[in-house]
Amino acid sequence: MYEIIKKNYFGARVMEKILEVKDLKTYFYSSGKEIRAVDGVSFTLNRGEILGIVGESGSGKSVTSLSIMRLIPSPPGKIAGGEILFEGDDLLKKSEKEMRKIRGEKISMIFQDPMTSLNPVFTVEEQLLEVFRVHKKLKNNEAREKAIELLRKVGIPEAEKRIKSYPHQFSGGMRQRVMIAMALALNPTLLIADEPTTALDVTIQAQIIALMKQLQKEYGTSIIMITHDLGVVAEMCQKVMVMYAGRVVEYTDVQALFKNPKHPYTIGLLNSLPKLSEEKKRLTPIEGSPPDLGNLPPGCAFYPRCSFRKEICSRITPELQEMHDRQIACHLYQEGVNNAAAS
Amino acid sequence: MANYILKRLFQMIPVLFGITFLSFMLIHFIPGDPVTVILGEHASPERAQELREQLGLNDPLYMQYIKFMNNLFHGDLGRSIITHEKVIKEMATFFPATVELTLAAMFIATVIGISAGIIAAVKQYSWFDNISMVGALTGVSMPIFWLGLMLIYLFAQVLGWLPPSARISVEYSVPTVTNLYLIDTLLAGDWAAFKDALAHLILPAVALGTIPMSIIARMTRSSMLEVLRQDYIRTARAKGLSERLVILKHALKNAFLPVLTVIGLQFGYLLGGAVMTETVFSWPGVGRYIYQAIMARDFPVVQGSITIIALIFVVINLIVDILYTVVDPRIRYQ
Amino acid sequence: GGNTAKKESKEPKEKVFVFAKSGDPVGLDPANVTDGESIYVTQQILETLVKYKDENTEIIPGLAESWESSKDGLTWTFHLRKNVKFHDGTPFNAQAVKFNFDRWMDKNNPYHYGEFEYYGYMFGGYPGIIKEVKVVDDYTVQITLNTPLAPFLSNLAMPSFAISSPEAIKKYGQDYFKHPVGTGPFKFVEWKKDDRVVLERFDEYWGGKANFDKVIFRTIPDNSARLMELKSGNIDAMIGLNPDDVETVKNDPNLQLLLRPSMNVGYLAMNMEKKPFDNLKVRQAINYAINKKALVDAFYGGLAKPAKNPLPPSIWGYNDEIQDYEYDPAKAKALLAEAGYPNGFSTTLWAMPVARPYMPQPKQIAEAIQKDLEAVGIKAKIVTYDWATYLKKGENGEHDLYLLGWTGDNGDPDNFLYVLLDKDNAKKGSASNVSFYKNDKVHELLIKAQQESDQNKRAEYYKEAQVIIHNDAPWVPLVHSTPPVVAKKSVKNWIPHPTGSECFFKVDKE
Amino acid sequence: MQEKEWVRRLFKNKAAVVGLIIVLLLIFTAIFAPFLAPYDPINDGTLKDRLKAPSAEHLLGTDKLGRDILSRIIYGARISIEVGVISVGLALIIGTLMGLLSGYYGGFLDSLLMRIVDIIMAFPSILLAIAITSVLGPSLSNAMIAIGIVMVPSFARVVRSTVLSLKEMEFVEAARAVGASDFSILIRHILPNSLAPLIVQGTMSIGTAILDAAGLSFLGLGAQPPTPEWGAMLVDARELLVKAPWVAFFPGLAIMLNVLGFNLLGDGLRDALDPRLKQ
Amino acid sequence: MQPLLEVKNLKKYFPITQGIGPIKGKKWLKAVDDVSFTLYEGETLGLVGESGCGKSTTGRAILRLIEPTAGEVNYRGENILALNRKEMRQKRREMQIIFQDPFASLDPRMTVAEIIAEPLRVFKYEGNIKKRVEELIEKVGLSRSHRDRYPHEFSGGQRQRVGIARALALNPKLIVCDEPVSALDVSVQAQVINLLEDLQKELGLTYIFIAHDLSVVRHISRRVAVMYLGKIVEYGPAEFIFKSPKHPYTKALLSAIPVPEPSFKKEKIILEGDVPSPINPPNGCLFHPRCPSKKAVCMESLPELYEVEEGYRVRCHYIRRR
Ligand SMILES: Nc1ncnc2c1ncn2[C@@H]1O[C@H](COP(=O)(O)OP(=O)(O)OP(=O)(O)O)[C@@H](O)[C@H]1O
Ligand SMILES: Nc1ncnc2c1ncn2[C@@H]1O[C@H](COP(=O)(O)OP(=O)(O)OP(=O)(O)O)[C@@H](O)[C@H]1O
Ligand SMILES: [Mg+2]
Ligand SMILES: [Mg+2]
C-alpha cells in the first residue's frame, strides 16, 4: 500500500481516502436465476487519484459504478451486501433523499454512449441548468452564465450560441464534452466515467482523454475510469483494478500491472493485444470465451480458460489477497502470500 | 419546421386524391346498376333517369370524377336521394353532436389512459399495474355497442343515475351558438342545463372512450417503460434529480411521442365508433346519420359523409404530426 | 344575457308537453305523407274542413261550420268558419280551400310536387272523382263529384286533407314540407332532424288557447329507451310501448296506460306479381304456416287479437263468419307440394325498421315468421330499409313478402278495403295495395259500396268482398292491436283516437 | 430462435396461458357445438318460451323467439372462428404480399403500395368496413370481405417494416454475398424472420375481426337472422333491456371473452417470440 | 505477376434527397470517391479510417453488394463490374465477406449447419453437403456437436467463427473482412485474428481487412490504405506507414492511439474539430480544417495521390512540395 501512496502522481501529501468500497455485492434476479454481477468487490480511492477498472464485457464494471451511485435498477437488481464509504459515510445506509443530494453534486458520472445519455427533447442549456437549479437553487440567469463558462472550458466553441442547441445537433465528441461539463458542473469530489471514449473515433477519443486529464489536474477530482482499453488505462490512471466475472482479480498501480502482470487473466489480456510498437509476431489469445454469469462454474471463474490452472482452482474460489505491491485473487500466489506472511 | 410541415402537406396530396377517388368509386363498386340498387327495379324511368343524372352516371368515368372533384372543391358533396338536402348541410347540423361526443370521449381516454399508463409503468409489476393492464386489455376487447348497452342497463335502468339517450333533456332549451351543448349551456349561464347536458354526455362518452383509453394506457405504459430504460434517464438520476422530476419531465416528454401518434389514430377510431355509440344512445350525430343513410341506401350521403370524415381524420393526423415536431426537436431541425 | 337567461329559468316554467315516438316525420306537408309519424305532428298544426269526434270517427264541423249535399250526392257545399287565420297571418277562406284542392287533384298544378298518395287512394286518382272545386263566396266552397262517394265526408276529415296556407306553399315551394303553416292550435317552430319537432301555441287560434305553451315531438327510435325517458320524467307521454313492458307500466304508480281503440290491421302482404306468390296454393300455404296466435301472445303483451280479415272487427261491415286458416304446418307443406314446391323455396321477407302501432316489434315478428316459414321449407331472408325507403320500395312492388299494417283514417270500411286491396291502388310507384291484388269482382263490389249511401247495403258488399279476399289470400292478416299510449299520471284529458293520432288541443297536465 | 424456447416462455406467461385456454376453448366449442349445445340454435324453442330468464332448463335464458341463448352462443363460436380465419386470412395473404414486395423492392412499387395503404388507413376502419358492406350489400360474407380489406394495411405495414429492418441486416447481405437469389432470400430469410410479428399481428387481428364483425352484425350489415352470430344476437337487445337483460349480456360477454383471449394470446406471443426482433 | 484484384477509381455516391415534393434537390454523398489499389494473391490489405469514411462501402462495392457508381474492379484481370447478374453470382464463389456484427450477420432462425450450408446449396455443391459442413465447422475451431445449434446459443467469438466458416464454404480466393474483430472482447479478438491468419496460410487466401483499430491492422496487413472522407489519403506497405507516416492525418491517427505501456511517453498530436460529414465535404484538401500543418494551397485544391516511392502514395500537397 505504501508504495502506491508514494507514487501518487500529484504528490498529495496526505493520503485522504475518498471512497472505500468493502465487499460490495450486487445481484440481479432474472428468470429465476441469481446473477452475481458484482460479487465481493473491494477497493479504495484517494483524493485526486484516477482508478482504472478494466475487464471483459459483462464482468461487472458498470454495475460496480452504478452501485456506488445507488442507481441499480431494482427490480431486478439488488445490492446484496458490503459497504460503500464515501468521505467516511456509508452510502448504502443513506436515504434516497440524501443520496439525491450526493448525486450530481459530490459524485457525478459520465456514461459510455454520449449519443443516448443526453435527453433528446431538451436543449443542452436546460439539461445543464437543471444541475444548478436542483443542487444550488440558483436562478436561471446566474446558472446560465456558469453553464456557458463550463461549456467554454470543455472546449465548445461559441458556447453562448450552442447552449441553445439540442443534443442531436452536436457531434458525438461534442456531446461527450457536454456530458463532462455537466458532470463537473458542481466540482464533484468523485467522477465516475464509464467507458467515456469507447463510442468515439480514435482522434476524438484522444481529444476527450486530453480534456479529462487537464480538467482533473485543474479540479483535483478523483476519477474512476472504466474502460476495456488497456491503452487508456496506461495513459490516464494511477491505479488499476482488473475484474473478471464480477470479482476483482488483480488490483495494483499502473506501472506494476503493465510491467509485471501476475494474475493469469491479466497476463493473457496483455499478451493477446496486438501492439503497435512491437514487431509482428503471433498473438497468444486466451482460449475459450468469457463466462456466463448466470451459470458460473464452482471455484475460480477463470479456471476453464486459465493456462496455469491447478486442481484446487476448480473447487475453491480464490480470495483477494494482499501481496507486496498489489492485491490478487489467484491460487498461484496464495502460497506465496501465506509464505510471505509467515516469514 | 416549416419545411417539415410543407413536406407533410405535399405527402398528403396523393392521399387526399386517393381518399376522394376511393369515395368517388364507392358508388361504382355497387354490384349491378347503382340506380337499380338505390331505387329498386320498378322505379319509373323518369326517376331513374333523374337519379342517373344526379349521380352523373351518364358521363364517362373520368368526367364524373372531374365533376366530383370540382364539386368537392366547392364544398358540394352531393345531395341526399331521400331528403334532397345537400349532404354538407345535413352533416353540418349533425356534426356538433359528434364533435362533442368525440372530444368528451377523447378527454376521458387521454386523461385516464395517460395517468394510468404512467403509474403502471413507474410501478411495474405492482397490483396497480396488473389490474390496470388487465383492465385495459379487457377494454380493447369489448364490443362498444355491448358496453353501451351494459352502461345503459346499469346506470340508467338499474341505478337510474344517468339518462340513457339524447343530448339534453327537453325541458332545457339553450340558444344555439356552437351547438356544442356543454359550451352553449355555459355561454347561456344555465348551470342546470349544463349539468343535464353533461349527464347525457357521460355514458356515451365512456362507451366510446373505453377502447381508446385502454389503447392509450397500454401505449403510455410500454412507451414509458421503454424510455425509463434509456441512458438519459440514468443521466437524469445521476444528476440527483428527484424521481418525480425524472419521470414527469425527462421521461414523460419522450414517452409522450408515440402516445401522441396513437391519440391521433384513435380519433379515427372514435369517428368510426361513433356510428355504433350514437345508434345505441340515440345520439343525434353524424354516426347515426350515416347509419340511417346506409339503411336507406342513400349512397350519396354515405359517400359524402365518409369523404368528410376521412378528410377530417387526415387533417387530425397532420395536426398530430405537427404537434410531434413541437415536442420532438429532432424532427423540427431536420 | 347570462343574467336574463338565469332569471328565465327561475320564473315559472312554460308549460311544455313532450311526446315521444319512434320515428321522425317523413315530411310535414300533410297532403304528401302517409305515415302516422308525420301525421301526428301535422294534426297539431293543420286542420281539415270536417273533423272526427274526440272518441270515434263520427263527423263534426272543423274549418267548415256546416255543409250540405245535393240529392244525387254529387254536389257538396261547405260554409266556412270566419275569422280564422293561418299561422302566417293570412286569412283562411274559400280561395285557400280551392287552392289546396287544386294542388292535390291536378297533376299539372305548379304546386303538385310529390306523390300526394292519399288523395289518389281516397278519391280514385288525379283528379279522380272530384270534378271541380268552386269558390262561391269568400266563405262558401262547392265541391262537385263525378260519382257519388259514400265516405266522402269521412275522407275529408282525414288529416291528409288539412288546409295549408296558400301563401306559405307559394313561399316555400319544394321546401314546404319543412315549413308547414296551418290554422291549428299549435304552430310549427323547428324540426331538428331525427331529434325533435317543436311546436308553439298559436295564440290566435279560433277555438281558444291550447293548454300547452309548447308541444315537443321527440324521436326516440328505441322503445325501451323511450320508456326509460318517460320513467325518468324527461318526456310526458309516448307511444310505441314494448309489449314486453306493458306489465312494467301497469305497475308503475307514476304512469298511466291509455288504450287506443283498435282500428287497425297488421298484415303480411304477398307480392302477387312475383313468383311464386302468383300461385294461390302458395299463398294459402303461407297462411297455414304462420302461427298468428303465438305471435299475438308473444309480441303484443295481451293488447291484440289475431286477425282473419283485413278489416278490424270494430268497424261495421266486418265479416265474422269467415273461418280463418288455422295454424297447420303439415297442410302448408302439402299445399306447397301441390303448388310444385315440395322442398319449399327461397324468398325475402321485408320487415319494417320502426315500431308501428299495429306491430311494435316488426323485426322480431319477422324473425318469428321467418322461423315459421323455415319450418315448412321456405327460406326467407329478412330485408329492411329505413322507413321512408321501405314504404317507397313497397309502393314500387320490389318486395316478396312484406310486413305492413294500416290504421284506419276515417272509420269507413272503404278506407281499409279500397285503399289496401283494390286494383285501383295497385299501381306501381304509388301502390297502397302492396300485394298487388287485382280482383275485378272485389273492385266491382268496392266501387258499388262507395256509391251506395245505405250503410246496410254497403256492409253487405263489404262482407262479400271479404269472402273473396279470404279465398284469394293476398295477405296473411296477422293482428288487430290495441295500441297503448303511455303518459305520466299528471297528464289529463287525453282521449286516444282510434285513427291513431289526435290533436293535443285539449290535453293538459297538472 | 429455437422453437422450444418461445413455447417455454409463452407457458411461463400466465396471461398468455389464460388467453390460449380461451382460444382453445373457443375452437373446441366450435368443433363440438352439436354435442355441447343442449338445443338447436335456430329451430328449437317456441314463442311460448320467449324471454325466459336463466334457469336450469335454459342456463343463459331464452331469446325473443324462445331459442336457447346458450346453444346459440355455442354455435356462434363457429361463426366467430369462420369470421376470424377468413377475414384475417384474406388480410394476411394480401397484406403480407404487399409488405414483402414493398419492403424488399422499395422504390416506385413501395411508394405505390404504401400510398394505397395510406389511403385505406385514412378512413376510420370501422367506418370503411361499414361503407364497404353497405355497398356490397349486407351479409356475413360481405362483412368478412370488408373486414379483410380494412385489415390489409396493418399486415402490409408490419411486414414491410420488418422486411425493411431485416433487409438491412447483415445476414441478408451475407446471403446475397454467397449468391442467393432475391426469391430465395425472401423465402428463406426474410419471411421466416417476419413470422413472429405476423403471428402476433394475426392473433390480435382475429380478435379485432370478431369484434368488427359483431359490430357490423349489430348494425344489421353482417350476419342475418336467424344466424346465431354473437353481434347479431344483440340486434334487438336494446328493446329488451328492461325485460330481458340477459339477452344482451351473455352474447356480448362471449364476444368480450374471446376477443380478450386472442388479445392475451397475442400479447403473450409478442413477448415470447423473438424479443430481439421486437421494435 | 498478375494482381488478384485491381481496384481502379472506384466510386460510390449515395443520392440524398433534400427539399420537398416537386422542388426536390438531389445531392450526392460521396461515400467512396476515387479509390484505387492493387492486391496480390495471399496478401492482406488493411483499410483503416474513422467511422463513416467509407471503409465498409468500399468493401461492399468491390463485391457488388452495392452497385458502385463508377470505376473498375478487376478480378484476375476481368472487370467484374461489367458482369451481368448471373455471371456475377458465379463470381461470388471466389469472393466472400465476413461481417463485423456477429449477432446481425447470422440468421437467427437457422442452425449453424444450415447457415454454413447455404452457399453450398446456392451453388448446387456436388459433394456431400453434410460432410463439407462438418469439415468447415472443425476447420474454424468449433466442434461437430455445434452443428444443430442456433446462433444465439453461441458467444460472440464462436459466432464469428460460424461467419468465417460460411465465407470459406465455397473455397473463395478473396475475403473482405469488415471489422471482424471490432465487436469482440480483447481476449477473444486474438483468437479470431489467429484463426484468420492460419486460414490465410493454409488456403492461400487474400484479405481486405477493414478495421479502425490500427494495432490490429498493423498486425495482420502487408499493405495499408488509410481513408478519410471517402478518399485514400495514404497507401503503402504497413512497415513504412506505421514507422514513419507521411500524411498528417495518419500521423495524428497513430499518435492518438493509447498505448498500453505506462512508461511509453510520446508526443501526441491532438486534432482539432470533428470528423466532417461526407455530405458537405470541405473544399480543397479534405483534411485541411483539422490539419495542424495546413497551407493556403490546402484550402484551394484537392491534392492528388502522389507516389512517394514505388507502391507508396500519399495525398498531401505538403509531401510534393518537399
Ligand atoms: N438490469 C440488469 N438486469 C439483469 N442483469 C444485469 C442488469 N444489468 C447488468 N446485468 C448483469 O450484470 C453483469 C455485469 O454487467 P456490467 O454492465 O457491469 O458489465 P460491464 O463490465 O460494464 O460490461 P461492458 O464492458 O459490456 O459494459 C452482466 O452479466 C449483466 O448480465
Ligand atoms: N445505403 C446508404 N445510403 C446512404 N448513405 C450511406 C449508405 N451506406 C453508407 N452511407 C454513408 O456513406 C458513408 C460511408 O459509410 P461506411 O459504412 O462505408 O463507413 P465506414 O467507414 O464503414 O464506417 P464505420 O467505421 O462506422 O463502419 C457514411 O457517411 C454513411 O453514412
Ligand atoms: Mg459497462
Ligand atoms: Mg463500416
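These numbers come from the heavy atoms of this one structure, side chains and all, not from hydrogens, waters or symmetry mates. A, B, ... follow the sequence lines: proteins, then strands. Residue 1 opens every chain.
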Check: Between Lys371(C) and Asp44(D), is there a donor-acceptor pair closer than 3.5 Å when you use the side chain of the first and the backbone of the second?
Finding: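 A pair under 3.5 Å: yes.
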Note to self: I'd like to verify something: which residue of Leu240(D), Ile42(D), Leu65(D) has the highest number of heavy-atom pairs under 4.5 Å with chain C?
What the structure shows: Leu65(D)
Next item on the list: Would you mind telling me which of Pro138(D), Pro226(D), Gly66(D) has the largest number of heavy-atom pairs within less than 4.5 Å of chain C?
Entry: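 Ranked by contacts with chain C, first place is Pro226(D).
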Note to self: For Glu374(C), which atoms come within 4.5 Å of any heavy atom of chain D: side chain, backbone, both, or neither?
What the structure shows: side chain
Starting at [atom1] of [X], measure out to [atom2] of [Y] and round the result to the nearest 0.5 Å.
X         : Y         : atom1 : atom2 : result
Leu47(D)  : Asn291(C) : CG    : CG    : 7.0 Å
Ile382(C) : Gln224(D) : CD1   : CD    : 8.0 Å
Met228(C) : Leu241(D) : CE    : CG    : 5.5 Å

Check: Should Thr248(C) and Lys243(D) count as side-chain neighbours, where that means a heavy-atom distance under 4.5 Å?
Finding: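 No, every pair of side-chain atoms sits at 4.5 Å or beyond.
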Margin query: More than 12 heavy atoms of other residues, nucleotides or ligands under 6.0 Å from NZ of Lys305(C): yes or no?
Written below: no
Note to self: For the NZ atom on Lys489(C), are there more than 12 heavy atoms of other groups (residues, nucleotides or ligands in this structure) within a distance under 6.0 Å?
What the structure shows: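 More than 12 heavy atoms, drawn from other residues, nucleotides or ligands, come within 6.0 Å of this atom.
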Margin query: Between Lys48(D) and chain C, with a heavy-atom cut-off of 4.5 Å, which part of the residue counts as in contact: side chain, backbone, both or neither?
Written below: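 The answer is neither part of Lys48(D).
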Margin query: Less than 4.5 Å to any heavy atom of chain C: does that hold for the side chain of Leu51(D), its backbone, both, or neither?
Written below: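 For Leu51(D), the side chain is the part near chain C, not the backbone.
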Checklist line | Non-hydrogen atoms of Lys363(C) and Val235(D) that approach each other most closely | finding: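 Closest heavy-atom pair between Lys363(C) and Val235(D): NZ-CG1, 4.5 Å.
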Notebook entry, point to check: Taking all atoms of both residues into account, what is the closest heavy-atom pair of Glu367(C) and Pro225(D), and its distance?
Noted result: CD-CB, 3.5 Å
Next item on the list: Go through Ala298(C), Ala375(C), Ala355(C) and name the one with the most non-hydrogen pairs under 4.5 angstrom from chain D.
Entry: Ala298(C)
Checklist line | Salt bridge present between Asp244(C) and Arg50(D) (N-O < 4.0 angstrom) | finding: yes
